[in-house]
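Everything on this sheet refers to the single structure shown next.
Each chain gets a letter, A, B and so on, in the order its sequence line appears, and its residues count up from 1.
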Amino acid sequence: MQTQPPSITIEDAEVLRQEPWQGGYHLLVLRAPFIAPRVQPGQFVHTRLTAPADAILRRPFSVFKADGDTLQILYKPVGRGTSAMCALRPGDSLSLIGPLGRGFPLPRPDAVPVIVAGGYGMAALYLLAKTCPRPGLAFFGGATVEDILCVSDFEVLGWEVRVATEDGSRGVHGLVTAPLDAFLANPSRPSTIELFACGPNGMLRAIAERAHHYSLPAWVSMDRNMGCGLGACLTCVQKVRGPNGHAVWARVCKEGPVFDAQTILWEDEA
Amino acid sequence: MQTQPPSITIEDAEVLRQEPWQGGYHLLVLRAPFIAPRVQPGQFVHTRLTAPADAILRRPFSVFKADGDTLQILYKPVGRGTSAMCALRPGDSLSLIGPLGRGFPLPRPDAVPVIVAGGYGMAALYLLAKTCPRPGLAFFGGATVEDILCVSDFEVLGWEVRVATEDGSRGVHGLVTAPLDAFLANPSRPSTIELFACGPNGMLRAIAERAHHYSLPAWVSMDRNMGCGLGACLTCVQKVRGPNGHAVWARVCKEGPVFDAQTILWEDEA
Amino acid sequence: MTTERRPPLDAEFQPDLSVDIGPLRLRNPVMTASGTFGYGTEYADLVDFEKLGAIVVKGISLDPWSGNSTPRTVEVASGLINAIGLQNPGVEKFIREHLAQLKRFSTPVIVNIWGRTVEEYAAVARRFDTEEGVAALEINVSCPNIKEGSKLFGTDLTAFRKVVAAVREATRKPMIPKLAPNVSDIGAFARAAEESGADAISLINSVPAMVVDAKTRRPRLANITGGLTGPAIRPIALKLVWEAARATKLPIIGMGGITETEHAAEFMIVGATAVAVGTATFAEPRTAMRIVEGLADYLRRQGMKSVRELIGSLRS
Amino acid sequence: MTTERRPPLDAEFQPDLSVDIGPLRLRNPVMTASGTFGYGTEYADLVDFEKLGAIVVKGISLDPWSGNSTPRTVEVASGLINAIGLQNPGVEKFIREHLAQLKRFSTPVIVNIWGRTVEEYAAVARRFDTEEGVAALEINVSCPNIKEGSKLFGTDLTAFRKVVAAVREATRKPMIPKLAPNVSDIGAFARAAEESGADAISLINSVPAMVVDAKTRRPRLANITGGLTGPAIRPIALKLVWEAARATKLPIIGMGGITETEHAAEFMIVGATAVAVGTATFAEPRTAMRIVEGLADYLRRQGMKSVRELIGSLRS
Ligand SMILES: Cc1cc2nc3c(=O)[nH]c(=O)nc-3n(C[C@H](O)[C@H](O)[C@H](O)COP(=O)(O)OP(=O)(O)OC[C@H]3O[C@@H](n4cnc5c(N)ncnc54)[C@H](O)[C@@H]3O)c2cc1C
Ligand SMILES: Cc1cc2nc3c(=O)[nH]c(=O)nc-3n(C[C@H](O)[C@H](O)[C@H](O)COP(=O)(O)OP(=O)(O)OC[C@H]3O[C@@H](n4cnc5c(N)ncnc54)[C@H](O)[C@@H]3O)c2cc1C
Ligand SMILES: Cc1cc2nc3c(=O)[nH]c(=O)nc-3n(C[C@H](O)[C@H](O)[C@H](O)COP(=O)(O)O)c2cc1C
Ligand SMILES: Cc1cc2nc3c(=O)[nH]c(=O)nc-3n(C[C@H](O)[C@H](O)[C@H](O)COP(=O)(O)O)c2cc1C
Ligand code: FES
Ligand code: FES
């Protein structure tokens with residue numbers, strides 16, 4: 001059972017702080033008194049930049065932290081919009097629509113929560129880790145040590161973080177699935193586990209396969225280019241297995257971004 | 001006889017300083033080692049802003065001062081491009097094409113130079129005042145005291161500046177033509193006068209009429225929206241009396257911006 | 001029609017914003033554009049529906065339709081290209097689930113319809129004929145994202161007449177054919193609509209377009225081509241509305257890249273009776289509402305007591 | 001044609017940039033677009049002509065032509081609308097004053113021509129037939145800024161055939177009709193050009209457009225309407241070039257909103273043999289030169305030894 005999204009607002013947030021983070025990421029701290037207190041783990045905000053002027057769509061970002069009337073975004077400049085975001089200074093304003101989407105369900109009290117993340121997924125899963133009734137285990141993957149974000153944030157919550165990097169510069173040498181598989185295959189691991197994942201598509205698919213194989217409940221947060229962010233434009237659709245077993249389009253911005261991993265029809269299955 | 005434009009360059013100028021000026025104007029100081037030393041009085045530079053991203057044309061500005069490898073622009077934010085210009089900071093770069101256009105002719109050594117200016121025209125005529133073989137008389141007009149720019153710059157050169165404001169907050173109460181007419185009608189004024197003008201179209205036309213009436217040589221610097229700035233697009237054309245007396249189009253960016261006032265065919269004559 | 005400028009009215013004066021789209025009176029001339037406002041309810045948290053002139057919903061067909069593969073949209077300079085492919089739940093589910101919701105509001109609902117054949121157009125129109133809560137039908141003959149031939153309806157004058165006439169036979173609801181921009185003589189389509197019994201026309205639909213990723217050398221849309229919308233097309237749309245307005249007496253709903261009050265005014269000045277806001281809603285969901293408020297201000301500055309004075313008031 | 005991706009070539013490799021526009025071999029596929037590069041000499045201080053594939057000059061007519069009143073251009077979102085109205089000194093003065101200058105360079109000069117009647121088109125073409133230093137003629141049938149009826153040539157298939165055939169009779173120079181974008185079936189015009197003896201086609205010309213000043217309620221161009229160019233139209237142009245390329249075997253010169261190397265590549269990927277840079281030159285006079293340099297780099301990254309491999313290499 002997933003949580004119902006609370007009502008959505010549009011709000012001019014004030015930039016309180018912006019600072020470079022490791023791995024090319026930036027941390028943006030915003031005062032958003034209407035949205036911040038309502039954010040559920042896994043939800044996102046849809047941001048409107050005034051520059052570049054010829055960019056006409058908003059950009060979606062997961063909420064990293066939400067505390068009182070502030071919220072934080074951890075983002076990486078990958079294109080024109082996110083590069084322009086780097087120029088925001090304290091006092092600037094940034095229009096947000098949020099909180100958006102259906103976030104993670106309340107973690108089952110009887111299961112050990114296991115998080116698998118790559119890229120901004122490490123930030124996107126922090127709020128979930130924080131609300132879990134008990135600390136769990138997190139697997140973080142990245143190309144190199146620089147790409148492994150917010151480990152200490154998780155550790156402060158009492159979580160154990162296992163890292164894999166493709167160049168071996170931190171943790172296991174390889175993909176995040178390497179330590180995850182080792183863990184899952186270990187007969188002495190807890191038998192009741194719930195998986196939560198956010199990261200590149202290929203990773204999410206790999207998690208879905210593991211979950212299927214081990215018959216574990218798993219939730220994946222999908223990343224799709226978005227238009228409206230509100231369910232109106234049908235840009236962000238993802239083929240999923242509908243209630244009657246047929247393939248149907250789900251809107252990642254509305255029915256997602258978090259889905260039961262077993263409902264996703266990956267590209268070649270759709 | 002007008003001066004021939006020296007050869008044109010494109011150059012990434014470095015912003016050295018930007019400061020608010022009176023009357024809503026801003027002063028922009030640029031290092032432009034190729035262009036600055038070649039600027040002739042009355043010429044302009046065509047600037048390329050990177051913001052707003054959907055603005056695809058350059059914007060023309062007269063050169064206020066040119067000194068060694070630096071040049072100064074005095075501009076007023078009136079639209080999106082000039083507003084974006086206000087955000088330039090020291091160290092930023094600004095692409096310039098210049099020096100462009102045909103500036104003022106060398107002032108006649110036998111005539112008293114008389115300048116008439118409004119708006120940025122006061123800045124656009126400064127270099128001319130500086131190169132005049134002898135100081136002359138300048139008439140500045142504006143809506144209010146705030147709009148009267150660089151009087152002291154002219155006075156330092158030994159020029160006498162007479163001011164008119166529409167609200168009477170400085171100098172004569174009225175249009176700049178009021179003190180100018182008084183001067184021209186005064187029988188004890190020097191008989192050999194050469195007029196140089198830059199400002200709103202209506203003012204230029206009024207000057208042309210005075211020049212015609214008193215049979216005085218007069219040069220006007222025209223302001224037209226521009227495309228290429230180089231004579232290629234035929235955006236900036238102005239009807240003038242051609243050599244054979246017929247009306248022909250002149251390109252303000254190439255044959256101008258400075259024209260012999262008697263050659264201009266004003267709107268309803270064209 | 002007025003072509004003179006007038007002194008501004010004082011700030012308290014409330015200009016009359018109502019306009020008539022054929023038999024349909026709207027409280028103000030600002031609508032949402034089909035496909036950019038979903039079925040309305042998606043924006044319920046953010047937009048006060050009662051402030052809008054009308055709500056135009058996403059295109060509905062007889063049967064459910066799953067649309068195109070993804071990616072379905074791509075952002076370009078000052079524009080958006082979409083190839084949604086007309087995904088919709090079909091007329092029955094729409095009536096049951098979405099129309100029911102929209103009936104709670106007093107705002108007129110205009111249903112955008114399409115079909116793969118003349119018969120399908122007529123069938124959808126007939127189904128809506130008796131549906132309360134449907135104020136008018138907008139006929140999408142111009143969607144570039146459908147390949148079954150419906151493409152033709154928007155650019156072939158004979159096919160266009162046929163579909164408009166068939167819908168006319170099928171319903172007494174106000175009928176608004178929506179014109180394709182990619183024709184050389186929009187006036188001919190405007191006249192054909194008038195002759196075939198339309199109550200109004202709307203234009204423009206999105207402009208056929210395409211983007212390629214130079215790195216992968218692949219189209220950036222799964223459907224290869226799509227339709228360009230947003231500010232990039234505004235000057236194109238304005239020209240077509242101006243031309244259409246000179247060809248027909250039918251009321252025109254103008255759209256294409258409207259993001260500001262002034263843009264809405266421009267469309268009315270060249271001859272539109274009403275306007276629709278599309279792509280702009282994605283960035284600023286309250287754009288249509290903001291324009292309604294802006295228009296009152298604008299009219300006061302223009303010294304106009306009614307927004308109807310604005311229609312076709314282009315000065316030369 | 002290749003549709004596969006290949007490993008990159010090493011940095012020293014110099015890809016072959018030459019392409020053939022019918023009988024005309026160009027050292028590289030990047031030209032200037034007519035009307036945006038004057039008669040060439042205006043840019044002489046800033047652009048190294050010898051680096052360009054060809055120079056296409058501003059449209060020339062039989063007699064001198066004074067064009068439209070001002071304002072003639074207006075900047076819009078990611079675009080420019082122009083209504084210059086084809087001002088030009090006429091064929092004789094052009095040959096005497098401008099062509100003479102251009103002959104100093106080895107770069108092929110393509111002369112853009114237009115007329116008010118079929119006869120005028122033929123007459124200008126005939127005058128250039130024997131002119132050395134004219135590599136090809138581009139036939140502007142699509143300028144929206146002329147009211148004398150030449151408008152029709154670009155959007156009426158019969159008139160189009162007539163003018164292309166007449167020019168074909170008048171000259172043996174390579175002939176390149178330039179297509180109007182505001183037609184519903186660009187493929188039909190491409191085929192008609194081929195059938196009427198054209199050596200290549202170029203597209204697109206500017207897109208009919210209009211802007212109004214909401215405050216004064218007046219058109220912002222003296223000519224009321226004009227043609228939209230620049231980045232705003234790139235996705236529209238790309239779609240039309242793709243469609244034209246599938247309809248004809250003629251070489252295509254693609255243009256519309258190109259500002260970067262990648263954009264030039266996109267046009268070639270969908271089927272253009274060469275490209276032209278227009279509006280971008282106003283902001284960055286060296287855009288065409290920069291793209292020539294960029295293409296070599298791009299081809300190395302694509303693992304292509306010749307730019308000709310790029311033509312029509314769209315992958316699906
Ligand atoms: C629900 C959700 C949550 C997200 N949370 C975060 C976050 O917390 N931190 C973060 O850094 N990013 C996050 N993203 C991704 C972020 O939205 C994109 O990086 C951003 O939209 C790119 O904008 P741009 O203008 O810089 O890039 P564009 O100029 O739009 O494009 C530049 C490049 O980025 C690609 N791109 C564009 N949008 C996306 C996208 N949605 N996903 C992947 N690639 C894209 C384009 O294909 C292009 O190659 C999230 C995306 C979604 C859908
Ligand atoms: C030869 C020449 C020299 C100039 N020198 C100076 C100078 O020294 N200082 C200075 O402040 N300005 C100068 N200008 C005017 C300056 O170029 C314009 O103010 C500027 O282009 C406006 O750009 P924008 O993007 O802010 O306005 P836009 O967004 O382009 O337009 C905003 C408003 O300004 C109007 N506008 C645009 N261009 C012009 C123009 N050329 N003249 C008048 N109105 C215009 C538009 O019609 C519109 O209403 C000069 C113009 C010319 C032709
Ligand atoms: C995502 C999207 C979906 C659309 N779907 C439809 C549709 O189903 N039916 C229709 O007639 N027009 C559709 N349109 C076109 C719009 O209604 C409108 O004509 C066009 O977007 C131009 O207006 P704009 O520039 O303000 O967006 C769609 C446009 C967009 C952007
Ligand atoms: C100011 C201007 C003048 C033009 N004059 C002509 C012309 O005389 N003949 C012609 O065939 N095209 C003319 N064009 C169209 C261009 O050649 C080109 O087709 C169009 O601008 C699209 O390319 P772009 O978007 O790169 O500018 C002109 C375009 C502009 C902007
Ligand atoms: S982004 Fe519009 S429906 Fe999801
Ligand atoms: S601005 Fe292009 S000719 Fe003057």
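- Of the atoms belonging to D:V74, not a single heavy atom falls under 4.5 Å from chain B.
- In this structure the side chain of B:C228 never reaches within 4.5 angstrom of the side chain of D:F37, judged on heavy atoms.
- Contact of the B:N225 side chain with the D:T73 side chain is not registered, since no non-hydrogen atoms from C-beta on lie closer than 4.5 Å.
- Summarising the local packing, NZ of D:K215 is surrounded by 12 or fewer heavy atoms from other residues, nucleotides or ligands at distances under 6.0 Å.
- In this structure, D:T36 and B:C233 have side chains that are not in contact, with every pair of non-hydrogen atoms separated by 4.5 Å or more.
- Taken to the nearest 0.5 Å, the CZ atom of D:F282 stands 9.5 Å off from the NE2 atom of B:H46.
- Summarising the geometry, atom CG belonging to D:D45 is positioned 9.5 Å from atom CG belonging to B:L100; distances are rounded to the nearest 0.5 Å.
- Rounding to the nearest 0.5 Å gives a distance of 13.0 Å between OG of D:S66 and NE2 of B:H246.
- No other option in D:L80, D:T41, D:T259 has as many heavy-atom pairs under 4.5 Å with chain B as D:L80.
- Note that OG1 of B:T235 and CD1 of D:I84 are 4.5 Å apart. Values are rounded to the nearest 0.5 Å.
- Side chain of D:R72 to main chain of B:L234: a donor-acceptor pair is present (N/O by atom type, distance under 3.5 Å, no hydrogens or angles).
- In this structure, the portion of D:T279 lying under 4.5 Å from any heavy atom of chain B is its side chain and not its backbone.
- Once rounded to the nearest 0.5 Å, the distance linking CD1 of B:I10 with OH of D:Y43 reads 9.5 Å.
- For B:R80, no part lies under 4.5 angstrom from a heavy atom of chain D.
- Using a cut-off of 4.0 Å between Lys/Arg side-chain N and Asp/Glu carboxylate O, D:E42 and B:R251 are scored as salt-bridged.
- Minimum interatomic distance between B:W249 and D:Q87 (heavy atoms only, all atoms of both residues): CD1-OE1, 3.4 Å.
- Minimum heavy-atom separation, B:R224 to D:T70: NH1-OG1, 2.8 Å.
- Expressed to the nearest 0.5 Å, how far OG1 of D:T281 lies from CG of B:L230 amounts to 10.5 Å.
- The residues B:R58 and D:E75 are annotated as not salt-bridged, no charged nitrogen and carboxylate oxygen being separated by less than 4.0 angstrom.
- The 12-atom threshold is exceeded at CZ of D:F105, counting heavy atoms of other residues, nucleotides or ligands nearer than 6.0 Å.
- Neither the backbone nor the side chain of D:P71 comes within contact range of chain B, judged by heavy atoms closer than 4.5 Å.
- Most heavy-atom pairs under 4.5 Å with chain B, from the set D:A280, D:G79, D:A232: that is D:G79.
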